[in-house]
Amino acid sequence: MQGNAKPTEEGRRPSSARRAPSPRDRGEGEDIAIIGGGIIGICAATLLAEAGRSVTIFDRTGICEETSSGNAAAFAFSDVLPLAHKGMIRQLPRWLADPLGPLAIPPAYLPKLLPWLFRFWRAGAARHFEASLAAQAGMMKLAEAEWMGLLDHSGTRPMLREDGSLELYESEAEFRASLSGWRARERFGIGFRHVEGEGMAALQPGLSPRFVKGTFVPGWKTVADPKLLGKAIWAYAERLGARFEHARVERIGTGTNGVTLMLADGTARKAKQLVIAAGAWSHLLAKDLGDRIPLETERGYNTTLPVSAFDVKRQLIFSGHGFVITPLETGLRVGGAVELGGIERAPNFARSKAMLEKAKRFLPGLDPSGGREWMGFRPSLPDSLPVIGRARAPNIVYAFGHGHLGLTQAAATGRLIRDLLLGQAPPLDLTPFRPQRF
């Protein structure tokens, strides 16, 4: 189901949320400042505004203008397996041999990346599996509940699509290799069914015969367009009193009475409390505050084709090739793959073109013309779990490192951040997500 981004009367603030005069109202600076205008910051600001707090987001670009604008549009609530347990370590040599394959590491960047790769390898050890799986599953359960509530409050529920997903396999061996992961999901109540032949063709007509089996996940959800959704949620937050300031934060001053944000234009802003949700740049701010967090950047690529390019019924997942195809209200998005290359290198759009060439083979008849290429930064931690918790410095909390699950986990993160700042008991154990776990 698709719809537009216009909020409805259902998007009014809940009647219980009546905002008392804030420090900003009294001329004392901000109540709560958030660095980062992506979907994590948007959701945190919205839930805090619903609770009656005054919030200002600071971002160098705008609301939902960077990585959150171009993702694959999935609410991947069933994606509970940490990356280190998805067979990536086993496939690394084969993938790295292909510079345009699912995973690439620029040779010049490899020395800097080695400590992160070691941590990633260690996170994949069997002894860590159950704890990581349980933490991710708990986060996903909360994420689904919080997103459904937020979509209803904001009047954006019409932007939700509940068509499920279809993961595709090119051989019996590839299918069998996936079964342990599906058994793990089944333990957490995640529904799915394996399909082949006519059953697979009914879910997605026009597939290449190279695919011998698939797995359909009926509970998988997508949104009409992630950028439009983020901006619509923010419009609701603004109606509740949240504010945006277009500014780059250069440094953070701390103290027992609050924080000071030093901006690039030489001015400063004060706040009682601060949330750092700056995505791939967050660890640089954290380092200045005394927290060393091993964040790396999964540079993701995509091409968005016109809606008419192919009649894709639901998100198609080509896990053996590391990309997906998503039907959006605004086009057909072909994207994914991982390039571990930091935040300073220029984009390598040959990766987008390589995925598009594969998509043409996988969907014979796909029209590849008229596409828009894009690259974004996914902030990733070695254990695939985000950082959510208090900094060493007073009055500061972190909310970053969600990897490719930022959209999926944004509302849950917003709920957890709200509870932390309001001194309320969180709905799940935050120990697996603590900033000081590394």
Side-chain angles (χ1 to χ4, degrees), residues 13-14 17 19 22 24 30-59 61-69 71 75 139 142-143 145-151 153-154 156 226 229-245 249 252 259 261 269 271-282 285-286 379 385-391 395-402 405-424 426-428 430 433-435:
R13 180 195 307 210
R19 185 166 71 84
S22 69
R24 186 205 304 151
E30 309 298 334
D31 184 2
I32 299 171
I34 298 176
I35 302 175
I39 194 64
I40 303 295
I42 291 168
C43 287
T46 303
L47 269 68
L48 285 162
E50 281 188 341
R53 303 300 293 270
S54 64
V55 188
T56 299
I57 284 181
F58 295 83
D59 192 278
T61 307
I63 292 293
C64 209
E65 289 291 343
E66 295 196 30
T67 299
S68 294
S69 70
N71 61 60
F75 282 156
M139 185 68 165
L142 178 65
E146 291 296 327
W147 257 123
M148 297 307 107
L150 183 54
L151 292 173
H153 296 166
S154 61
T156 56
L229 175 65
K231 288 183 177 295
I233 297 290
W234 176 248
Y236 167 59
E238 282 190 310
R239 296 200 303 277
L240 300 180
R243 296 173 60 248
F244 169 72
E245 184 165 342
V249 177
I252 300 167
V259 298
L261 308 183
R269 303 289 185 273
K272 296 295 184 183
Q273 299 181 93
L274 172 66
V275 180
I276 296 180
W281 288 264
S282 299
L285 294 169
L385 299 176
V387 161
I388 302 172
R390 295 193 177 278
N395 306 307
I396 298 173
V397 297
Y398 296 138
F400 61 85
H402 296 76
L405 296 171
L407 175 64
T408 300
Q409 297 181 341
T413 302
R415 165 68 187 277
L416 295 170
I417 292 300
R418 184 199 72 186
D419 290 348
L420 276 171
L421 294 183
L422 299 186
Q424 298 174 349
L428 53 77
L430 290 181
F433 311 102
R434 66 192 187 281

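What you see is a predicted model; the values in this text were computed from it and never measured. The figures that follow rest on heavy atoms only: side chains count, while hydrogens, waters and symmetry mates do not.
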Where is the tightest heavy-atom contact between [X] and [Y], given as atom of each residue plus distance?
X: Ala277; Y: Ile40; result: CB-CG2, 4.0 Å
X: Ala49; Y: Ala237; result: CB-O, 4.4 Å
X: Ala411; Y: Leu47; result: O-CD2, 4.1 Å
X: Arg243; Y: Trp234; result: O-CH2, 3.3 Å
X: Asn395; Y: Lys272; result: CB-O, 3.4 Å
X: Ile42; Y: Thr46; result: O-OG1, 2.7 Å

Subject >> CA sep, side-chain torsions, deciding dist, call: Ile252, Leu261, side chain to side chain contact (heavy atoms under 4.5 Å, CB included) >> reply: CA-CA 5 Å; Ile252 300 167; Leu261 308 183; 4.2 Å; yes
[atom2] on [Y] to [atom1] on [X], rounded to 0.5 Å:
X: Ile35; Y: Leu285; atom1: CD1; atom2: CG; value: 5.0 Å
X: Leu422; Y: Gln273; atom1: CG; atom2: CD; value: 8.0 Å
X: Leu150; Y: Glu50; atom1: CG; atom2: CD; value: 6.5 Å
X: His402; Y: Phe400; atom1: NE2; atom2: CZ; value: 10.0 Å
X: Trp281; Y: Thr67; atom1: CH2; atom2: OG1; value: 6.0 Å
X: Thr156; Y: Ile233; atom1: OG1; atom2: CD1; value: 3.5 Å

Hey, does the side chain of [X] reach the backbone of [Y] with a donor-acceptor pair shorter than 3.5 angstrom?
X: Ser68; Y: Cys64; value: no
X: Trp147; Y: Leu407; value: yes
X: Arg390; Y: Leu420; value: yes

**OP:** Report the residues that fulfil salt bridge (Lys or Arg N to Asp or Glu O under 4.0 Å) with Glu245, sequence neighbours left out, ordered by chain and then residue number.
**Re:**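 Result, salt bridge (Lys or Arg N to Asp or Glu O under 4.0 Å) vs Glu245: Arg269.
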Find out whether [X] and [Y] are in side-chain contact, i.e. whether some heavy atom of one side chain is under 4.5 Å from a heavy atom of the other.
X: Ile34; Y: Thr56; result: no
X: Ile39; Y: Asn71; result: no
X: Cys43; Y: Thr413; result: no
X: Leu416; Y: Leu142; result: yes

**OP:** Applying side chain to side chain contact (heavy atoms under 4.5 Å, CB included), run through Leu48 and Asp31 and close with a yes or a no.
**Re:** CA-CA 11 Å; Leu48 285 162; Asp31 184 2; over 6 Å; no
Subject >> Test side-chain hydrogen bond (donor to acceptor under 3.5 Å, both in side chains) applied to Glu146 - qualifying residues, sequence neighbours left out >> reply: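 Glu146 satisfies side-chain hydrogen bond (donor to acceptor under 3.5 Å, both in side chains) with Arg415 once adjacent residues are dropped.
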Original post:
With sequence neighbours excluded, what pairs up with Pro435 under the side chain to side chain contact (heavy atoms under 4.5 Å, CB included) test?
Top reply: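 Expected list: Ile293, Val387, Tyr398.
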Original post:
Can you check side chain to side chain contact (heavy atoms under 4.5 Å, CB included) on Ile388 and Met139, steps first, answer last?
Top reply: CA-CA 11 Å; Ile388 302 172; Met139 185 68 165; 3.5 Å; yes
